[in-house]
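Computed from heavy atoms alone, side chains included, the values below leave out hydrogens, waters and symmetry copies.
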Amino acid sequence: MRVPAPRLPLLLFPLLLLAPLTACATGPALEDRGRVTASPGDSRHLTVGSAGFTESDLLAQMYALLLNQAGYRTSLITVANRELYEPALESGGVDVVPEYAATFADWLNAKTHGSGARPVGSPDLEVTMSALRRLATPRGLTVLEPGRAVDQNAFAVSASYAHRHHLRTLGDLGASGLKVRLAAGDECVQRPYCAPGLRRTYGIDITGIDPKGVGTTQAKEAVRGGRDQMVLTTTTDAGLDAFGLVLLADDRHLQNADHVVPVVNRARAGGPGVTRALGRLSAVLTTADLASMNRQVDQWRRLPKDVARRYLREKGLLS
């Protein structure tokens, strides 16, 4: 449920990349199944993909910079649609992408078993990663270790509202008995991790959904002005402070484990060199770090590559 933010101009697909996109809709063809069990590859020229919103651009830039330092040549490509970049990842047109564990697990599950398949992502990271790897491996994909950073659905209220009612967590809000009008997307009415989950898990009295979108300026303004009491956003939302909003902690773990995780094409980027290079970032990057970098790009109008490079140098990951 991430909202695309201003981003770098889209790069055009090379013609050679477009051809295989439709050929991999259901996983590797039978004649290509051997690459799933073959030794991991280590191509020295890798294409790093971005999904086209600020956070994905930042992650892709950091991946490319770390891979360059590790001796790889990299190219970056932006494909704003998972329906396009995931098949390209399977075919080797794209070698590395930043993903989100639970969201990607559920997407692959629906692709494999149909749109009506029961979701496999869960608040438990270990369970989620196990399901994700089980779905990714037959497609020739390797899912590297998840990082500390998490970009998942979150709920925010005004700081004054939280102070007045002594709220720090969603559990506090449920216990307060307050009636809550929620600024969110239309789908929040039915999504199990939105209004139904808030009622079931926390006992929050959601009186209605104000359909202003996820984390939009209009939604935040409605909460700041008191027309709504809470807004659906994400944990790496960089614009909460500007509206005087604060997140309420998901203390009963309603949301799924959407940890940032690198996914690579096994045949081209499944070797230890890529794993080591990207693992250095996963061990350091936090949710707060991502929110800060998002803010620098979206509000301060800095280029993702400059923000990424500065962060890696500050953390001692880039010389």
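- Under a 3.5 Å cut-off, the side chain of Ser292 and the backbone N or O of Ala288 do not form any donor-acceptor pair.
- Partners of Asp172 according to the salt bridge (Lys or Arg N to Asp or Glu O under 4.0 Å) rule, which considers only residues two or more places apart in sequence or in another chain, do not exist here.
- Between the side chain of Asn265 and the main chain of Ala267, a donor-acceptor pair closer than 3.5 Å is present.
- Summarising the geometry, atom OH belonging to Tyr72 is positioned 3.5 Å from atom CG belonging to Asp42; distances are rounded to the nearest 0.5 Å.
- Asp250 and Gln255 are not linked by any side-chain donor-acceptor pair at a separation below 3.5 angstrom, with hydrogens and angles left out of the test.
- Checked by atom type, the side-chain pair Gln229/Arg181 shows no donor-acceptor distance below 3.5 Å.
- Counted by atom type alone, Thr236 and Asp151 present one or more donor-acceptor pairs between their side chains at under 3.5 Å.
- Remark: the backbone N or O of Ile206 is paired with a side-chain donor or acceptor of Arg199 at under 3.5 angstrom.
- One N or O on the side chain of Thr235 and one on the backbone of Gln152 form a donor-acceptor pair closer than 3.5 Å.
- Using a 4.0 Å cut-off between charged side-chain N and carboxylate O, Glu221 and Arg227 make no salt bridge.
- Applying the side chain to side chain donor-acceptor pair (under 3.5 Å) criterion to Tyr193, with sequence neighbours excluded, gives Asn256.
- Tyr85 has its side chain within reach of Val97: a pair of non-hydrogen atoms, C-beta onward, lies under 4.5 Å apart.
- Under the rule for a side chain to side chain contact (heavy atoms under 4.5 Å, CB included), the partners of Ala136 that lie at least two apart in sequence or sit in another chain are Leu108, Leu141, Val143.
- Using a 4.0 Å cut-off between charged side-chain N and carboxylate O, Lys111 and Glu90 make a salt bridge.
- A donor atom on one side chain and an acceptor atom on the other are not found under 3.5 Å apart for Arg252 and Thr169.
- Listed for the Asp258 side chain is a donor-acceptor partner under 3.5 Å among the backbone atoms of Ala102.
- Screening residues 96-107 for salt bridge (Lys or Arg N to Asp or Glu O under 4.0 Å), with sequence neighbours left out, gives Arg82-Glu99.
- Residues Val261 and Val150 fall into different hydrophobic clusters, defined by Ile, Leu, Val, Met, Phe, Trp and Tyr side chains chained together at heavy-atom separations under 4.5 Å.
- Leu245 is not connected to Ile204 by any chain of hydrophobic side-chain contacts under 4.5 Å among Ile, Leu, Val, Met, Phe, Trp and Tyr, and they are in different clusters.
- With no hydrogens or angles considered, no side-chain donor-acceptor pair links Thr74 and His45 at under 3.5 Å.
- With hydrogens and angles disregarded, no donor-acceptor distance shorter than 3.5 Å links the side chain of Arg295 to the backbone of Gly239.
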Got a list of side-chain donor-acceptor pairs under 3.5 Å for residues 307-317, not counting sequence neighbours?
unit_1: Arg310; atom_1: NE; unit_2: Glu314; atom_2: OE2; d: 3.2
unit_1: Tyr311; atom_1: OH; unit_2: Asp289; atom_2: OD2; d: 2.6

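- A donor-acceptor contact shorter than 3.5 Å is absent between the side chain of Ser43 and the backbone of Leu46.
- For the residue pair Arg266 / Thr142, no side-chain donor-acceptor distance below 3.5 Å is found, with atom types taken as modelled.
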Acceptor/donor pairs from residues 113-121 side chains to any protein atom, 3.5 angstrom cut, sequence neighbours excluded:
none

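- Between His166 and His163, the two ring planes are tilted [angle within 30° to 60°].
- Contact check on Glu145 versus Arg276 returns no salt bridge, with no Lys/Arg side-chain nitrogen under 4.0 Å from an Asp/Glu carboxylate oxygen.
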